[in-house]
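The structure under discussion appears below in the form of structure tokens.
Chain letters run A, B, ... following the sequence lines, proteins first, then strands; residues in each count from 1. Note that the structure is a prediction, hence the values are computed from the model and not measured.
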Amino acid sequence: MEKTYQPQQLEDHWYKTWESRGYFAPSGDGDPYCIVIPPPNVTGRLHMGHGFQHAIMDALTRYHRMLDRQALWQVGTDHAGIATQMVVERQLNAAGSSRQEIGREKFVEKVWDWKEESGDIITQQIRRMGSSLDWSRERFTMDEQLSSVVEKVFIDLYNEGLIYRGNRLVNWDPQLHTAISDLEVIAEEEDGFLWHFNYPLADGATTADGSTYITIATTRPETLLGDSAVAVHPDDERYADLVGKFIDLPLCDRRIPIIADDYVDPEFGTGCVKITPAHDFNDYEIGKRHDLDMHNILNSDASLNDEVPAPYQGLDRFAARKQIVADMESAGLLEKIEPHKLKVPRGDRSGVVIEPYLTHQWYVAIQSLADPAIKAVEDGDIEFVPKNWENTYFAWMRNIQDWCISRQLWWGHRIPAWYDEEDNVYVGNNEAEVRAKHKLGDGIVLRQDEDVLDTWFSSALWTFSTLGWPDDREFFDRFHPTDVLVTGFDIIFFWVARMIMMTLKFTGEIPFKKVYITGLVRDEHGQKMSKSKGNILDPIDLIDGIELDELVQKRTADMMQPQLKQKIEKYTRNSFPDGIVGYGTDALRFTFYSLASTGRDIKFDLGRTEGFRNFCNKIWNAARYVMMNSEDKVLSETIDPNKCSIADRWIMSRFEQAAKAVEEAMTNYRFDIAAQTLHEFVWNEYCDWYVELSKPVLWDEENNPEAAQATRRVLLSTLEKSLRLLHPFMPYITEEVWQKVAPQLAIAGESIMLQPYPQFDNDTVDREAEEQIEWLKGIIVAIRNIRGEMDISPGKAIPVFLRHGDTGDQQRLEAHRLYLQKLAKLESIEWLTEDQEAPAAATGLHGKVEILVPLAGLINVDAERARLTKEISKLEKGLEAVERKLGNAKFVDNAPEEVVAKEKEKQAQMSSALASLRDKLNGLDKL
RNA sequence: AGGCGCGUAGCUCAGUUGGUUAGAGCGCUACCUUGACAUGGUAGAGGUCACCAGUUCGAAUCUGGUCGUGCCUACCA
């Protein structure tokens with residue numbers, strides 16, 4: 001074995017082996033266990049969020065597979081309509097072409113080409129994480145089978161009247177020329193202005209105080225051209241007389257009414273609001289209530305259309321805004337301009353300002369689907385982990401709006417609807433079917449709806465469409481409902497809720513029993529990772545490492561804003577002066593587990609990854625030690641507790657406790673606790689203590705061959721079991737090491753991933769051994785403490801005396817003499833009876849046992865005095881607190897008996913220790 | 001404006017139903033290349049658990065408030 005762990009050399013090999021041998025497919029006849037992957041964008045790239053979630057899903061899958069469940073982690077990707085179309089469009093534009101130029105058919109072909117070309121990048125990256133996905137069942141939302149499910153669902157919902165076409169206000173992206181859902185709109189506060197305009201009253205009307213106009217304020221002056229009314233509050237006395245009268249809308253030559261509506265806040269501004277029903281969601285509602293005209297003033301690219309007066313036609317919305325303000329000013333109607341902070345809605349893909357826009361779209365009538373979906377969570381059929389995300393779910397579901405599912409894109413599932421020349425709609429699987437069903441002769445020209453469905457529409461069907469519903473039901477029947485969905489809170493609305501609704505509707509089953517919501521992966525300062533901040537980490541770079549220059553290049557490539565480039569470069573060179581060394585997959589995964597406590601975001605700390613890389617190396621070297629000491633050596637056939645050393649029994653017992661803790665952590669989705677337990681056991685118990693305790697036994701083989709053989713066996717078998725315990729979290733290193741270790745134990749098996757997961761075995765728990773080793777550790781630590789603090793060279797063997805303990809302590813000394821001598825590097829260790837005089841010595845305590853390191857030539861008296869003084873004051877503080885408690889009658893009366901007993905024991909122990917140390921300190925003073 | 005979190009060592013985080021002298025990793029200090037490992041070993045320093053009040057024999061933990069901070073939802077033109 002190499003001297004250090006080299007992940008690069010073996011990860012690829014093992015993954016290919018697992019995959020090619022079909023280990024990822026479910027097998028056996030255990031209870032099915034299933035997770036479906038949240039489908040990543042087929043042309044996307046792996047990011048830290050994927051890395052985190054995949055680490056968790058893989059641990060769950062491997063864990064359950066080893067528990068002999070038929071484990072299926074269903075893999076697939078989605079077509080990411082807008083994102084993918086944008087990428088290909090940008091490529092076309094860069095080549096001087098456009099999608100309009102080449103036409104729909106050619107364009108869609110190009111997107112497919114792009115999908116073929118880049119589609120396996122992310123799946124290869126997912127493999128690098130060690131994810132044990134069943135690639136033989138890989139699906140894509142636009143596969144024929146999945147597409148047919150999409151069609152079926154659309155048609156069935158339509159026939160039930162749950163899908164309808166409506167002309168309404170939607171969020172319109174003027175760059176992408178498509179409707180987007182309100183979930184895809186990000187409203188952030190930006191600096192803007194509030195323009196105050198005077199609107200002249202028509203027919204010579206005046207306000208109560210004699211003014212011939214009223215003043216309104218707007219953040220979007222250009223919408224003036226689409227105004228249909230001015231509204232005031234019905235109880236607002238200032239304007240009561242004006243309700244029912246009219247305004248001469250400036251620049252437009254239109255009269256609009258003054259209406260009264262509760263929506264208006266009389267306290268805000270002048271208490272008068274202009275109403276633009278075709279360009280504002282609130283105004284739209286008011287418009288409907290008051291039956292106002294809708295003036296749509298925009299084209300689909302947000303330039304002004306022919307509805308507006310000639311001078312403004314064709315102007316871009318922002319140019320129009322300037323023009324309107326200028327024209328109002330020269331008309332003397334601009335009252336004032338105030339700076340104003342407002343939330344500006346932007347498309348999360350395009351980044352441009354979204355316009356409320358009146359269009360025809362397809363909708364899902366959602367209420368009847370939402371009701372059972374709410375109930376499923378209320379009744380506990382589906383549980384969120386952590387539970388408080390259920391509130392988020394309920395809040396949204398109880399106030400749910402119909403879902404706009406059409407998108408004006410070319411890439412996606414085309415809506416299976418046809419129109420005749422009178423715009424009658426026919427929905428069906430294809431044109432021929434539609435014609436036949438509705439008896440439409442060849443003379444009637446039909447055209448298919450141009451739009452495609454929202455990507456989330458197909459994602460909502462993911463759990464059952466990927467498992468073969470409705471026709472090929474074998475896997476569906478076996479694995480559905482799935483066991484757990486692992487995903488981020490950001491798509492509870494987009495995806496989780498919609499899956500629950502659609503799956504219940506069509507299969508009558510819940511899609512999953514649990515929803516494990518992960519936190520967001522942030523950078524080390526708690527900042528969200530984003531391209532524009534330049535703080536993105538690529539999981540693959542953490543695995544393989546990356547040179548600084550390449551990292552800078554990567555982070556600053558195709559920046560929209562070049563001025564950010566310098567900043568990002570500087571920041572990056574500052575954060576990673578030497579680039580990033582590769583830590584390997586297992587270390588990266590373990591970092592995710594260790595940070596995955598529920599209910600909070602994780603700040604990704606590379607320091608921890610480095611620590612776990614070191615942990616891998618520790619495992620590696622422990623294995624190296626075990627192999628060096630067992631290859632070609634005799635080991636006992638079985639583990640016979642009677643032939644085992646106390647240390648052997650101890651480590652086996654400790655292993656059981658670790659196995660139990662891991663099991664508990666896994667059932668509670670506490671991956672951080674599992675990771676912590678494993679780290680603690682392997683490093684602090686197996687490596688730090690057990691391996692060290694094994695050395696005196698192995699090196700004493702001539703004198704006690706049977707003991708050495710037993711210890712060898714326990715070293716090996718505990719290592720082997722630990723590897724299995726670790727495997728779901730660190731698949732690669734455990735496989736590599738297991739392949740070397742298992743044959744030593746004559747364990748047959750092709751792969752650790754098909755081995756059974758260690759189960760807690762209470763019979764192996766050995767209290768006696770644990771007490772003994774605790775005693776041993778206590779004595780050794782006390783001696784080491786003296787060594788360390790007294791500056792005694794670690795190489796120097798020293799004599800030690802023990803005294804004051806009971807006969808049990810004395811027996812332990814005899815039993816563990818060999819260990820003590822070796823691990824504390826002792827020249828000798830002897831028991832002093834009470835009548836023997838103690839030499840001048842540095843003193844430590846463990847329980848009642850006093851540990852004496854003779855001073856002669858070794859100890860600096862002043863240093864020992866300081867050490868004792870420190871120890872004493874620590875004890876005094878503790879004792880004081882304990883005595884205060886015990887002196888309090890209310891405590892003694894009220895606290896449970898065992899708590900009081902515990903305090904009393906503490907008191908006894910502390911005061912005897914204190915007495916002993918004070919005694920020593922006095923003795924020192926006499927020298 | 002409502003809702004949900006968070007605030008524990010220099011940094012990243014644990015801390016079960018209130019009962020410890022408040023823990024881990026990284027970093028830091030000192031010593032050490034001893035026959036698995038310097039990606040290591042041994043020892044050590046470091047915390048008024050944001051603040052205030054309350055409940056309790058007892059609060060990092062429960063309650064109320066304050067401050068700071070993050071996110072989500074709805075928004076007043």
Side-chain angles (χ1 to χ4, degrees), chain A residues 1 3-5 187 194 216-220 223 231 263-265 267-276 280 282-283 340 342-343 386 388-389 391-392 395-396 399 489-490 492-493 519-520 522 524 526 528 581 583 587 591 594-595 597 599-608 610-629 668 670 672-673 676 679-680 684 687-688 691-692 695 699 781 784-795 825 874-875 877-882 885 888-896 898-900 902-903 906 910:
Chain A
M1 289 174 80
K3 201 173 168 186
T4 52
Y5 176 56
L194 206 48
I216 57 89
T218 181
T219 55
R220 296 191 298 157
T223 62
Y263 162 76
V264 181
D265 175 3
E267 305 294 319
F268 188 89
T270 57
C272 303
V273 189
K274 67 195 258 326
I275 303 297
T276 321
D280 182 282
N282 291 309
D283 292 7
H340 182 69
L342 73 164
K343 295 264 179 119
N388 45 318
W389 286 110
N391 297 330
T392 306
W396 189 68
N399 187 27
F489 64 86
D490 47 336
I492 288 179
F493 309 140
L520 227 54
R522 300 170 173 279
E524 71 273 26
K528 220 163 162 169
V581 303
Y583 297 106
T591 311
S594 74
L595 293 172
S597 49
R600 84 192 266 161
D601 286 353
I602 68 178
K603 289 186 207 166
F604 193 84
D605 179 8
L606 251 176
R608 296 198 74 156
E610 190 180 343
F612 293 128
R613 188 270 316 257
N614 297 351
F615 180 47
C616 289
N617 193 55
K618 193 76 184 172
I619 295 169
W620 184 258
N621 273 287
R624 214 157 75 92
Y625 167 81
V626 173
M627 292 303 291
M628 284 166 63
N629 283 289
N668 294 318
R670 287 300 302 268
D672 59 325
I673 293 176
Q676 164 81 23
H679 185 268
E680 160 90 16
N684 299 114
C687 293
D688 283 353
V691 164
E692 294 308 317
K695 288 175 182 173
W699 295 347
V781 166
R784 284 176 178 170
N785 174 277
I786 292 171
R787 254 187 199 287
E789 301 244 315
M790 293 295 107
D791 242 354
I792 300 168
S793 147
K825 185 97 183 168
K874 222 196 257 177
L875 269 171
K877 235 175 75 187
L879 184 62
E880 205 182 310
V882 172
K885 270 192 194 174
N888 182 344
K890 286 181 180 170
F891 169 73
V892 180
D893 293 346
N894 291 320
E898 71 249 32
V899 173
V900 177
K902 207 167 133 198
E903 290 299 315
K906 262 198 313 203
M910 282 170 153

Using a 4.0 Å heavy-atom cut-off, does Asp893(A) contact any base of the nucleic acid, only the sugar-phosphate backbone, or nothing at all? nothing

Sugar-phosphate, base or nothing in reach of Thr219(A), heavy atoms under 4.0 Å: sugar-phosphate

Please measure how far the P atom in C28(B) lies from the corresponding atom in U17(B), and state the result in whole Å. 37 Å

If we take the P atom in both A53(B) and A59(B), what is their distance in whole Å? 13 Å

If we take the C1' atom in both G40(B) and U8(B), what is their distance in whole Å? 30 Å

Expressed as a whole number of Å, how far does the P atom of A50(B) sit from that of A43(B)? 31 Å

Looking across every strand, which nucleic acid part, if any, lies under 4.0 Å from Lys3(A) by heavy atom: base, sugar-phosphate, or nothing? sugar-phosphate

Quick one: label Met1(A) by what it contacts on the DNA or RNA (base, sugar-phosphate, nothing), any heavy atom closer than 4.0 Å. nothing

Answer with base, sugar-phosphate or nothing: what part of the nucleic acid does Ala395(A) contact at a heavy-atom distance below 4.0 Å? nothing

Measure the acute angle between the ring planes of Phe268(A) and His340(A), then classify it against the limits of 30° and 60° as parallel, tilted or perpendicular. perpendicular

What nucleic acid atoms does Val900(A) come within less than 4.0 Å of, heavy atoms only: base, sugar-phosphate, or nothing? nothing

Under 3.5 Å for both pairing distances: what stems, at least three Watson-Crick or G-U pairs long, include RNA chain B? B:1-7 with B:67-73, B:10-13 with B:23-26, B:28-32 with B:40-44, B:50-54 with B:62-66

Can you check whether Lys825(A) has a side-chain N or O nearer than 4.0 Å to OP1 or OP2 of C32(B)? no

Presence of Asn614(A) side-chain N/O under 4.0 Å of G40(B) phosphate oxygens OP1/OP2: yes

Please tell me if Lys906(A) has a side-chain N or O lying less than 4.0 Å from either OP1 or OP2 of G19(B). no

Categorize Glu692(A) for me: base, sugar-phosphate, or nothing, with a 4.0 angstrom heavy-atom threshold over every strand shown. base

Work out how far the C1' atom of U20(B) is from that of C26(B), and round it to whole angstrom. 24 Å

Considering heavy-atom distances to RNA chain B, does Arg670(A) or Tyr5(A) have its closest nucleotide positioned more toward the 5' end? Arg670(A)

Inter-nucleotide P distance (U73(B), G15(B)), Å rounded: 27 Å

Thinking salt bridges, do Lys877(A) and Glu880(A) make one under a 4.0 Å N-O criterion? no

Is there a side-chain polar atom (N or O) of Lys877(A) under 4.0 Å from OP1 or OP2 of U21(B)? no

Looking for any heavy atom pair under 4.0 Å, which part of the strands does Arg613(A) touch: base, sugar-phosphate only, or nothing? base

Side-chain contact test, heavy atoms from C-beta onward, threshold under 4.5 Å: evaluate it for Phe604(A) versus Thr591(A) and give yes or no. yes

C13(B) versus U21(B) - spacing of their C1' atoms, nearest Å: 22 Å

What orientation do His679(A) and Phe612(A) show, parallel under 30°, tilted 30 to 60°, or perpendicular over 60°? perpendicular

Across the strands shown, which category fits Cys272(A) at heavy-atom distances under 4.0 angstrom: base, sugar-phosphate, nothing? nothing

Mind checking whether Lys274(A) and Thr223(A) have side chains closer than 4.5 Å, heavy atoms only? yes

Please indicate yes or no: is the ring centre of Trp699(A) less than 5.5 Å from the centre of the six-membered base ring of G35(B), with the two planes inclined by under 30 degrees? yes

Considering heavy-atom distances to RNA chain B, does Ser597(A) or Asn684(A) have its closest nucleotide positioned more toward the 5' end? Ser597(A)

Pair of N/O donor and acceptor under 3.5 Å linking U12(B) base with Arg608(A) side chain: yes

What nucleic acid atoms does Asn785(A) come within less than 4.0 Å of, heavy atoms only: base, sugar-phosphate, or nothing? sugar-phosphate

Side-chain N or O of Asn894(A) versus OP1/OP2 of U56(B): is the shortest distance under 4.0 Å? no

Less than 4.5 Å apart, side chain to side chain, heavy atoms only: is that true for Phe891(A) and Val900(A)? yes

Gap in Å between the two C1' atoms, one belonging to C49(B) and one to C6(B), rounded: 14 Å

